[in-house]
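Structure, as structure tokens:
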Amino acid sequence: MSYSKEIDRKWQKKWDENKLAAFDEKRIADKLYVLEMFSYPSAAKLHVGHWYNYALSDSYARMKKMQGREIFQPMGFDAFGLPAENYAIATGIHPQDSTNDSINSMRGQLKEIGGLFNWDAELATCNPDYYRWNQWLFLQLYKNNLAYRKKAPVNWCPSCLTVLANEQVESDGTCERCHQEVVKRNLTQWFFRITDYAEELLNCLDDLDWPDKTKKIQTNWIGRSEGATIKFGVEKDGEKVYLDGEELTLSVFTTRADTLYGVTYLVIAPEHDLLDSLITAEQSAVVEAYQERTAHLSEIERQSVTREKSGVFTGSYAVHPLTGEKVELWTSDYVIAQYGTGIVMAVPAHDERDFEFASTFALPIRTVIRPKAENDHWQVRDSAFVQDGILVNSGEHSGLNSAAARKAIVRELSQSGCGEETIQYRLRDWLVSRQRYWGTPIPIIYCDKCGTVPVPEDQLPVELPYDVEFKPDGKSPLAKAEDFINTRCPLCGGPARRDPDTLDTFVCSSWYMFRFVDNKNDQAAFDSKKVNRMCPVDIYIGGAEHAAMHLLYARFITKVLRDLGYLDFDEPFTRLIHQGVILGPDGNRMSKSRGNTISPDPYIETYGSDVFRLYLAFGFAYTEGGPWSDDGLRAIARFVQRIESFAADEITSSLTPSMPQELSADDKELNRVRHHSIKEVTKDAERFQFNTSVARLMELLNALQKYSKAPQAKPELTLDVLSDFIKLLAPFAPHFAEELWQQMGHEQSVFLSGWPQYDESALDLDTVEIAIQINGRILDRIHVPAAASEEEIRDIVSSLSDFETWLDGKTVRKWIVVPKRLVNIVVA
RNA sequence: GCGGAUAUGGUGGAAUUGGCAGACACGCUGGAUUUAGGUUCCAGUGGGAAACCGUGCAGGUUCGAGUCCUGUUAUCCGCACCA
């Protein structure tokens, strides 16, 4: 029987019956939690990217199983989210129905991969038995002051009357559906205080076995910077401003307190909460027009340095905390409310953006730092001087260097209560409210009498109602579901309203790795004892696009649950691997519009899943990905056929594999290739470098074929090596290898047969070829005994007949001998 | 704009982390087998007639650089409401 999809089915059924993937609690000491990022159940079928992630992670897991680890590799579905809702709006098919259909079809396709997945642990985030605990998690954060509400802008399409995701806004700022201009609207929304954990999230990165680039991305995303918060007074129409009975001040964050005397104006973000209280009557028209204009811009556009600076004067003045000088307060879109305090002190002489802004609007530019090499009369002219230097025109601080001045100025400010040293993070709190239907309802009730009231935990889940009008018409879908939205206050029993929003789906994915361990628990999100035994996840595999957000949120929630006493570890994912992206045959990202998508199904049908998996293993550097190639896949199909016909020739029932007593040179060479392959396949698969693992398997097959053709070949040795070959092949072609293993006469699965060990002594060659270089140029290659010492190699080389010719009359200055590699003779 | 990465034959990709660049394949060329095509098998295959030259480009460090440093170009990815 030649390898085909029938073989796949046969073994999938057997593995299922024999519970090959089951996790044995008794062997927990050897547990290995292998997790792939769970998938979004879209209407489309399993694509090449899913296979690339799941099949090859499974190959890793299978190798580890053969090495004696007890594998826990669960599967689930990240089932809430925007696409299902958009699909529903377009087709009228309810998200729950389309999602359930997708899950069922994806589950079937996932099984065709033939992975050792623990299906008992399956979960889908859209089921009430999952999102109930999502709500519980929200309440824990709420109770511990880690969830709060504040205003934040959303994208609003005035024509579709709906909130848009950033993804739904075209690059020109229009709605993807109706192409009308999108505006920003401020809504009160829930946030998680991830910034409370900024320092720890940063510090713990060091100890993680994660790719350096991911650590860098997270480090920059958290963005720690040391500086000072400085308070400026405010005057509007010549008087101080009071808000809720308190005198208003403007706090700015700066890393350059040394430039404080150079402040010639302040800039506040156009969408800043305080701005409305600071606009004078005469300026109100221009400022409001400007705010309106800014609402149409994206953050990326606003931060572009190449854009011409724009802004308007608010009419109010800021009061300098040291000099008491009045400087103008402007508003401009290059300042963003979410960053820092949303207000910046502008020092045009020493900051490029401020310089440009001041030049555009003829605001004063005051030099307060000079280069060390210049004298005190030096002035900034054509561009800002942004480096550290010596202070000038800075009162008693003049003459200090920048570093000393930063300390001195902040000390002086702190004495008058106008400033303090501050560590600022770029990281912002996590906005979790979504004005959408297909998500976890936020378990909060608003009562006119009692205010914001959390839903009592014994009343969870707050179920997502099925019959809802999710077509956009200006209101949140849940806000229109009268039966849902109107409720009773849990405290006073009076009429109250539920929060109409749902939670960001990143909340679901921030703790699912713990639920897998205890997915049927209806008393708690999970049993801490179980999770503490099974977690953290030993190895987590998924796309690099999650480097910043998902992975940071999951780390944050892990630390919160730890601090609340539910977990006894600090980090959710010990080791992390990112797979690359498989591109279309044309080298572009696969997309329907380009027509370059590759569907796995026909290939599985024609070649079988193992050929598909082997090709994915061999054709790409795993973490890089690359363009799809049908030729590459056919090459693998040939490799499988070669194995098959070789095995058919060699496997006979009359022979048992064994090592001969005496080894001929050919025997030794075959044995050497075998052990070299064992060593390299193991090492490369351990670091997810499957392409070279498969290359070594090809070499071993080549060696086997060459050996077996020789008249002196010993069939029992051929079989012995073939036996190891099948084991090494098994993780990468599980069904096919299992079939061959059975043909070899084994009753038990190859995955229970143990992983081959390499014999270091078998790797040794008698002689090795080394290169001879003179001043780095290769002149010859010679064979020397592998065990030769540096001195011996030197002697061999200097006694060669060509030696004097190579020297060309020059003197040897230095010998560099790299054993088993080369000799470099430095002459002059 | 900010942040992250990548660049090696005609192609996918290797290179024990500073030590013989191009492993393993694809493709191509020639040959054998075959009624033909396909399959299979054998040989060759970075460029160059050669000296030599070759890892995006320009410098540098080193006995020695694909690998380290500086600069530069090009391409790709992420940027907080896609997941």
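A note on names: the letters A, B, ... follow the listed sequences, proteins ahead of strands, and every chain is numbered from 1. In this text, all values refer to a predicted model and were calculated from it rather than measured experimentally.
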Taking the six-membered ring for Trp, are the ring centroids of A:Tyr553 and A:Trp430 within less than 6.0 Å of each other? yes
Assess the pair A:Tyr603 and A:Trp628: is the distance between their ring centroids shorter than 6.0 Å?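 Here the rings of A:Trp628 and A:Tyr603 have centres that are less than 6.0 Å from each other.
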Base B:C81 to side chain A:Gln189, donor-acceptor N/O within 3.5 Å cut-off: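 Donor-acceptor pair under 3.5 Å: yes.
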Would you state whether a donor and an acceptor, one from the side chain of A:Gln435 and one from the base of B:C81, lie under 3.5 Å apart? yes
How many Å lie between CG on A:Asp649 and C1' on B:C41, as a whole number?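 Value for this atom pair: 14 Å.
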Under the side-chain contact (heavy atoms from CB on, under 4.5 Å) test, residues paired with [X] that sit two or more places apart:
{"X": "A:Ser383", "answer": "none"}
{"X": "A:Thr195", "answer": "A:Leu427, A:Asp429"}
{"X": "A:Thr360", "answer": "A:Lys309"}
{"X": "A:Pro158", "answer": "A:Trp156, A:Val183"}

On the nucleotide B:A25, are OP1 or OP2 found under 4.0 Å from the side-chain N or O atoms that A:Asn702 carries?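 Looking at the OP1 and OP2 atoms of B:A25, one of them is under 4.0 Å from a side-chain N or O of A:Asn702.
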Under 4.0 Å, heavy atoms only, any strand: does A:Leu427 hit a base, just the sugar-phosphate, or nothing? base
Which protein N or O atoms sit under 3.5 Å from an N or O of nucleotides 61-71 of chain B?
from  : atom 1 : to       : atom 2 : distance (Å)
B:C63 : O2'    : A:Asn824 : ND2    : 3.4
B:C63 : O2     : A:Asn824 : ND2    : 2.6

Nearest to the side chain of [X], heavy atoms from C-beta on, is which of [options]?
{"X": "A:Arg687", "options": "B:A83, B:U17, B:C24", "answer": "B:U17"}
{"X": "A:Ala621", "options": "B:A23, B:G13, B:C82", "answer": "B:G13"}
{"X": "A:Asp78", "options": "B:C82, B:A83, B:G12", "answer": "B:A83"}
{"X": "A:Leu431", "options": "B:C20, B:C81, B:C41", "answer": "B:C81"}

Within the sub-3.5 Å range, which N or O atoms of nucleotides 4-7 of chain B have a protein N or O partner, and how far apart are they?
from : atom 1 : to       : atom 2 : distance (Å)
B:G4 : OP1    : A:Asn220 : ND2    : 3.3
B:A5 : OP1    : A:Lys216 : NZ     : 3.1

I need the residues from residues 582-590 of chain A with at least one non-hydrogen atom less than 4.0 Å from RNA chain B; give them sorted by number, or say none.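 Here the set is A:Arg589.
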Ignoring hydrogens and angles, write down the donor-acceptor pairs under 3.5 Å from the side chains of residues 614-624 of chain A, residues two or more places apart or on other chains.
from     : atom 1 : to       : atom 2 : distance (Å)
A:Tyr615 : OH     : A:Ser629 : N      : 3.0
A:Tyr615 : OH     : A:Ser629 : O      : 3.4
A:Tyr622 : OH     : A:Tyr52  : O      : 3.2

Evaluation steps, side chain to side chain contact (heavy atoms under 4.5 Å, CB included), between A:Phe612 and A:Trp51: CA-CA 9 Å; A:Phe612 197 76; A:Trp51 268 84; 3.5 Å; yes
Can you say whether the rings of A:Tyr334 and A:Phe357 are parallel (under 30°), tilted (30 to 60°) or perpendicular (over 60°)?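 Because their plane-to-plane angle lies in the 30° to 60° range, the rings of A:Tyr334 and A:Phe357 count as tilted.
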Set of residues satisfying side chain to side chain donor-acceptor pair (under 3.5 Å) with respect to A:Thr174, sequence neighbours excluded: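 Only A:Asp172 meet the side chain to side chain donor-acceptor pair (under 3.5 Å) criterion with A:Thr174.
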Interface polar pairs with nucleotides 26-29 of chain B, N/O, under 3.5 angstrom:
from  : atom 1 : to       : atom 2 : distance (Å)
B:C26 : OP1    : A:Arg638 : NH2    : 3.4

Using a 90° cut-off around 0 for syn, call B:G4 syn or anti.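 B:G4: anti glycosidic orientation.
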Using residues 77-86 of chain A as the side-chain source, report each donor-acceptor pair under 3.5 Å to any protein atom, sequence neighbours left out, with the distance given to one decimal.
from    : atom 1 : to       : atom 2 : distance (Å)
A:Glu85 : OE1    : A:Tyr437 : N      : 3.2
A:Glu85 : OE1    : A:Trp438 : N      : 2.9
A:Glu85 : OE2    : A:Tyr437 : N      : 3.0

Give each stem of RNA chain B as a range with a range, requiring at least 3 consecutive Watson-Crick or G-U wobble pairs whose two distances are under 3.5 Å.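 In RNA chain B, stems of three or more pairs: B:1-7 with B:73-79, B:10-12 with B:24-26, B:27-32 with B:40-45, B:56-60 with B:68-72.
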So that I can tick it off, tell me whether A:Arg696 and A:Glu699 are bridged by a salt bridge, with the cut-off set at under 4.0 angstrom between side-chain N and carboxylate O. yes
